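A short write-up of the structure that comes next.
Only a predicted model underlies this, so the values are computations on that prediction, with no experimental measurement involved.
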Amino acid sequence: MRTIVAEDNASGKWQGRVNTRFPPEPNGYLHIGHAKSICLNFGIAAENPGGKCNLRFDDTNPCKEEQEFVDSIIADVKWLGWDWQDRLYFGSDYFGQMYEYAVQLVKAGCAYVCDLTAEETRQYRGTLTAPGKDSPFRSRTVEENLDLLARMKNGEFPDGSRTLRAKIDMAHPNLNMRDPVMYRILHESHHRTGDEWCIYPMYDWAHGLEDSIEGITHSICTLEFENHRPLYDWFLDQLGIHHPQQIEFARLNLTYTVMSKRKLFRLVAEGLVDGWDDPRMPTICGLRRRGYSPAAIRNFCRRIGINKFPGTVEIALLEHYLRQDLNKHSARVMAVLKPLKIVITNYPEGQSEELDAINNPEDPAAGIRKVPFSRELYIEQDDFMEEAPKKFYRLTPGREVRLRYAYFITCTDVVKNDQGNVVEVRCTYDPATKGGDSPDGRKVKSTLHWVCAEKSLPAEVRLYDNLFTKENPDNAEKGKDFTANLNPDSLQTLTNCRVEPSLADAKPLTRVQFERLGYFCVDADTEKQDKLIFNCTVTLRDTWARIQKKAQQKK
RNA sequence: UGGGGAAUAGUGUAACGGUAGCACGAAUGACUCUGAAUCAUUUAGUCAAGGUUCGAAUCCUUGUUCCCCAGCCA
């Protein structure tokens with residue numbers, strides 16, 4: 001596709017212009033599939049000198065469209081990092097011009113007013129294999145059509161009583177060419193034009209005109225419109241106006257999620273998720289709340305490429321670009337999700353100190369911060385095992401490990417509760433290893449993250465897994481649908497977490513890496529509920545987890 | 001049984017008649033104050049069968065499989 005644009009540019013087909021557009025219908029929230037289209041359209045414009053991409057709302061159906069969606073779409077495209085400058089357009093702004101064009105087509109004998117009901121229209125259309133038959137109103141005179149069209153526009157007829165149709169060919173093998181409806185009567189208030197209109201243009205009629213009026217050069221859309229291209233071309237040819245080239249590409253499918261507006265709507269409507277911006281949703285606002293960065297999404301969209309084959313991209317690829325970007329840009333902090341108390345028995349009671357920690361090893365300019373250390377600390381429950389299996393090289397009785405940026409410690413003893421669970425680990429530390437380096441050069445097998453028991457802050461952490469348990473959620477048993485494949489464990493809330501004090505004033509959408517755990521993002525609920533709440537954006541790659549998993553599979 | 005499209009490693013994507021390459025994943029190793037990152041190595045592919053050609057993923061023929069279309073939705 002980029003080749004086509006580049007070649008058109010070289011051949012001067014459009015006088016060296018490149019003007020694409022992203023044309024959403026404001027009837028829902030944008031998702032990662034839209035991001036593919038957004039990055040394609042804005043990306044192609046950006047790659048060509050002088051290239052432009054318009055943001056245009058295709059708002060031709062007042063029954064489904066709302067200002068709320070207009071606002072969210074604008075916010076999402078902007079957040080993704082794209083700029084349409086002063087070219088924010090609405091299809092509804094062209095309703096007057098479209099009507100003029102319709103009159104022109106009627107005068108040319110290329111369109112007629114049809115009195116068939118919706119049901120009759122369907123019957124007359126024929127089937128995939130059988131041709132349709134002409135509407136009895138097909139042969140009305142131009143004068144009569146002009147009169148009826150004007151009266152349709154003036155509101156003289158009830159909803160659904162008449163349509164304006166293009167006069168093409170009721171026997172055409174492409175159903176879209178069997179006298180398609182151009183206007184329907186809808187006494188419905190539009191979110192922008194109010195009650196000015198009671199006839200509204202259909203997609204096929206409106207879309208090409210919108211493209212033409214804006215001087216679009218390349219009209220990029222998804223595969224299901226391939227069948228509509230002959231009609232797109234027909235309207236523009238009949239009118240003899242600027243005629244952009246429509247090019248189709250396959251929409252994005254991702255494993256372990258659903259992408260259709262209808263299905264996402266159901267998840268929200270049925271309370272199966274917590275709203276459009278639920279961090280498990282593939283919506284742009286959901287991904288944003290989850291902690292995704294715009295750059296990660298853009299890089300992903302660039303890499304998945306453009307095609308005409310409806311494939312499914314692995315969610316792992318998205319996560320790869322996520323980690324790649326977050327690794328470079330996220331500040332590191334220490335947080336303990338499932339705390340296990342440790343007591344440094346040879347560290348003086350009541351004493352504490354501040355240790356230097358590097359904010360981001362990938363970015364020296366990010367500097368250092370202080371973290372408090374004292375006699376009592378928390379480490380991760382997963383980082384201690386009383387009886388360590390072969391490849392476990394974290395803390396276990398008798399073993400020395402490093403506390404990151406702090407000291408080497410050796411486990412000397414454990415304290416158990418009545419159920420026999422370890423509730424406290426006792427260790428000694430080596431004062432000579434302050435900062436985490438051993439003067440004698442001795443090595444430890446692992447480095448653990450930790451927080452000070454007293455000075456760390458309580459926090460809630462929300463862990464996420466795929467929303468669905470199957471790669472293709474639609475692959476459900478007979479009689480069931482995708483909701484049967486919802487993952488019951490897609491959200492896990494941990495309420496006893498501890499984070500280092502530097503996070504005290506973290507604002508929503510702040511992205512950090514919890515060392516050795518993953519990337520986390522401060523949730524909007526932090527301000528509402530007045531406590532620190534983090535979403536797990538994505539975990540770090542975890543070799544140990546894979547080793548464990550393999551060991552279990554062997555059993 | 002009509003029409004329109006599409007098929008390249010597990011996944012996604014290049015190669016436009018001239019060495020099938022890249023990324024993700026997976027595996028192995030090195031390194032490491034994150035079992036992260038980084039680095040190295042390995043793994044694995046042209047839907048099928050014919051044909052044209054010195055040479056075919058690419059051109060031709062036939063077949064197979066998949067996607068889309070019968071809204072007064074977009």
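With RNA chain B read from its 5' end, the first of the two nearest nucleotides for R229(A) and R516(A) is the one closest to R229(A).
Within the cation-pi definition used here (under 6.0 Å to the ring centroid, within 45° of the axis), R165(A) does not qualify as a partner of Y112(A). The side-chain tip of K391(A) does not point at the ring of W544(A) from less than 6.0 angstrom away and within 45° of straight on.
Checking each of D204(A), N176(A), D211(A) against Y232(A) for a side-chain hydrogen bond (donor to acceptor under 3.5 Å, both in side chains) leaves exactly one that passes, namely D211(A).
Rounded to whole Å, the separation between the P atoms of C68(B) and A57(B) comes to 31 Å. Rounded to whole Å, the separation between the C1' atoms of A6(B) and U58(B) comes to 16 Å. To the nearest whole angstrom, the two C1' atoms, one in G10(B) and one in A49(B), are 26 Å apart. On the C1' atoms, G35(B) is 15 Å away from A30(B), given to the nearest whole Å. Using atom C1' as the reference point in both C67(B) and C72(B), the two lie 27 Å apart (nearest Å). Look at the C1' atom in both U41(B) and G4(B): the space between them is 47 Å, to the nearest Å. Nucleotides A23(B) and C66(B) have their P atoms positioned 33 Å apart, rounded to a whole Å. The separation of G25(B) from U13(B), taken at their C1' atoms, amounts to 14 Å, rounded to a whole angstrom.
With 3.5 Å as the limit, one finds no donor-acceptor pair spanning the side chains of Q548(A) and Q552(A). Using modelled atom types and a 3.5 Å distance limit, the side chains of N535(A) and Y464(A) yield a donor-acceptor pair. Judged purely by distance below 3.5 Å, without hydrogens or angles, the side chains of N27(A) and E25(A) pair a donor atom with an acceptor atom.
The distance between atom CZ of R394(A) and atom P of A36(B), rounded to the nearest whole Å, is 11 Å. Taking atom NE2 of residue H449(A) and atom P of nucleotide A36(B), one finds them 15 Å apart after rounding to whole Å. K391(A) places its NZ atom 16 Å from the P atom of G35(B), with the value rounded to the nearest Å. The separation between M385(A) atom CE and G35(B) atom P is 16 Å, rounded to whole Å. Spacing between atom CD of E380(A) and atom P of U34(B) amounts to 17 Å, rounded to whole angstrom units. With rounding to whole Å, L403(A) atom CG is found 13 Å from U34(B) atom P. Protein atom NE2 of H329(A) is 14 Å distant from nucleotide atom C1' of A37(B), rounded to whole Å. The CD atom of E319(A) sits 10 Å away from the P atom of G25(B) (whole-angstrom rounding).
Distance check: E210(A) CD to I216(A) CD1 gives 10.0 Å after rounding to the nearest 0.5 Å. Note that OG of S330(A) is 12.5 Å distant from CZ of R323(A), once rounded to the nearest 0.5 Å.
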What nitrogen or oxygen pairs link the protein and nucleotides 72-74 of chain B at under 3.5 Å?
{"residue": "C72(B)", "atom": "OP1", "partner": "R125(A)", "partner atom": "NH2", "Å": "3.3"}
{"residue": "C72(B)", "atom": "OP2", "partner": "R125(A)", "partner atom": "NH1", "Å": "3.1"}
{"residue": "C72(B)", "atom": "N3", "partner": "G160(A)", "partner atom": "O", "Å": "3.3"}
{"residue": "C72(B)", "atom": "N4", "partner": "L116(A)", "partner atom": "O", "Å": "2.6"}
{"residue": "C72(B)", "atom": "N4", "partner": "A118(A)", "partner atom": "N", "Å": "3.1"}
{"residue": "C72(B)", "atom": "N4", "partner": "G160(A)", "partner atom": "O", "Å": "3.1"}
{"residue": "C73(B)", "atom": "OP2", "partner": "R184(A)", "partner atom": "NE", "Å": "3.0"}
{"residue": "C73(B)", "atom": "OP2", "partner": "R184(A)", "partner atom": "NH2", "Å": "2.9"}
{"residue": "C73(B)", "atom": "O3'", "partner": "R184(A)", "partner atom": "NH2", "Å": "3.2"}
{"residue": "C73(B)", "atom": "O2'", "partner": "N61(A)", "partner atom": "ND2", "Å": "3.0"}
{"residue": "C73(B)", "atom": "O2'", "partner": "K64(A)", "partner atom": "NZ", "Å": "3.2"}
{"residue": "A74(B)", "atom": "OP1", "partner": "T60(A)", "partner atom": "OG1", "Å": "2.8"}
{"residue": "A74(B)", "atom": "OP1", "partner": "R184(A)", "partner atom": "NH1", "Å": "3.2"}
{"residue": "A74(B)", "atom": "OP1", "partner": "R184(A)", "partner atom": "NH2", "Å": "3.0"}
{"residue": "A74(B)", "atom": "OP2", "partner": "Y203(A)", "partner atom": "N", "Å": "2.9"}
{"residue": "A74(B)", "atom": "O3'", "partner": "D58(A)", "partner atom": "OD2", "Å": "2.8"}
{"residue": "A74(B)", "atom": "N6", "partner": "H228(A)", "partner atom": "NE2", "Å": "3.3"}

Footprint string (nucleotides 8-18 of chain B, 5' to 3'): B base within contact, S backbone only, - free, heavy atoms under 4.0 Å: --BSBSS----
Contact state string [nucleotides 27-32 of chain B, B base, S sugar-phosphate only, - no protein heavy atom under 4.0 Å]: S-----
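The aromatic rings of Y203(A) and H228(A) stand perpendicular to each other, their planes meeting at an angle above 60°, with 30° marking the opposite boundary. Between F69(A) and Y29(A), the ring planes are perpendicular. Angles over 60° get that label, and only those under 30° would be called parallel. Ring geometry for H31(A) versus H34(A): interplanar angle of 30 to 60°, hence tilted.
No close placement of the W450(A) and Y378(A) rings is indicated, their centers lying 6.0 Å or farther apart.
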Step-by-step side chain to side chain contact (heavy atoms under 4.5 Å, CB included) determination, L540(A) to D542(A): CA-CA 6 Å; L540(A) 253 27; D542(A) 191 346; 6.0 Å; no
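Residue F392(A) is classed as a base contact, given a heavy-atom separation below 4.0 Å to a base. Counting non-hydrogen atoms under 4.0 angstrom, N227(A) reaches a base of the nucleic acid. Across all strands, P131(A) comes closer than 4.0 Å to no nucleic acid atom at all (heavy-atom distances).
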Listing, residues 305-317 of chain A side-chain donor-acceptor contacts under 3.5 Å, not counting sequence neighbours, or none:
{"residue": "N307(A)", "atom": "OD1", "partner": "F309(A)", "partner atom": "N", "Å": "3.2"}
{"residue": "K308(A)", "atom": "NZ", "partner": "E226(A)", "partner atom": "OE2", "Å": "2.5"}

Dot-bracket summary - RNA chain B, pairs being Watson-Crick or G-U whose distances fall under 3.5 Å, with | when paired to another strand: .((((((..((((....[..))))((((((.......))))))...(((((..]....))))))))))).....
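Listed by chain and number, the residues in a side chain to side chain contact (heavy atoms under 4.5 Å, CB included) with A388(A) are F392(A), T396(A), R399(A) (sequence neighbours excluded).
Base orientation for G45(B): anti, the chi torsion being more than 90° from 0.
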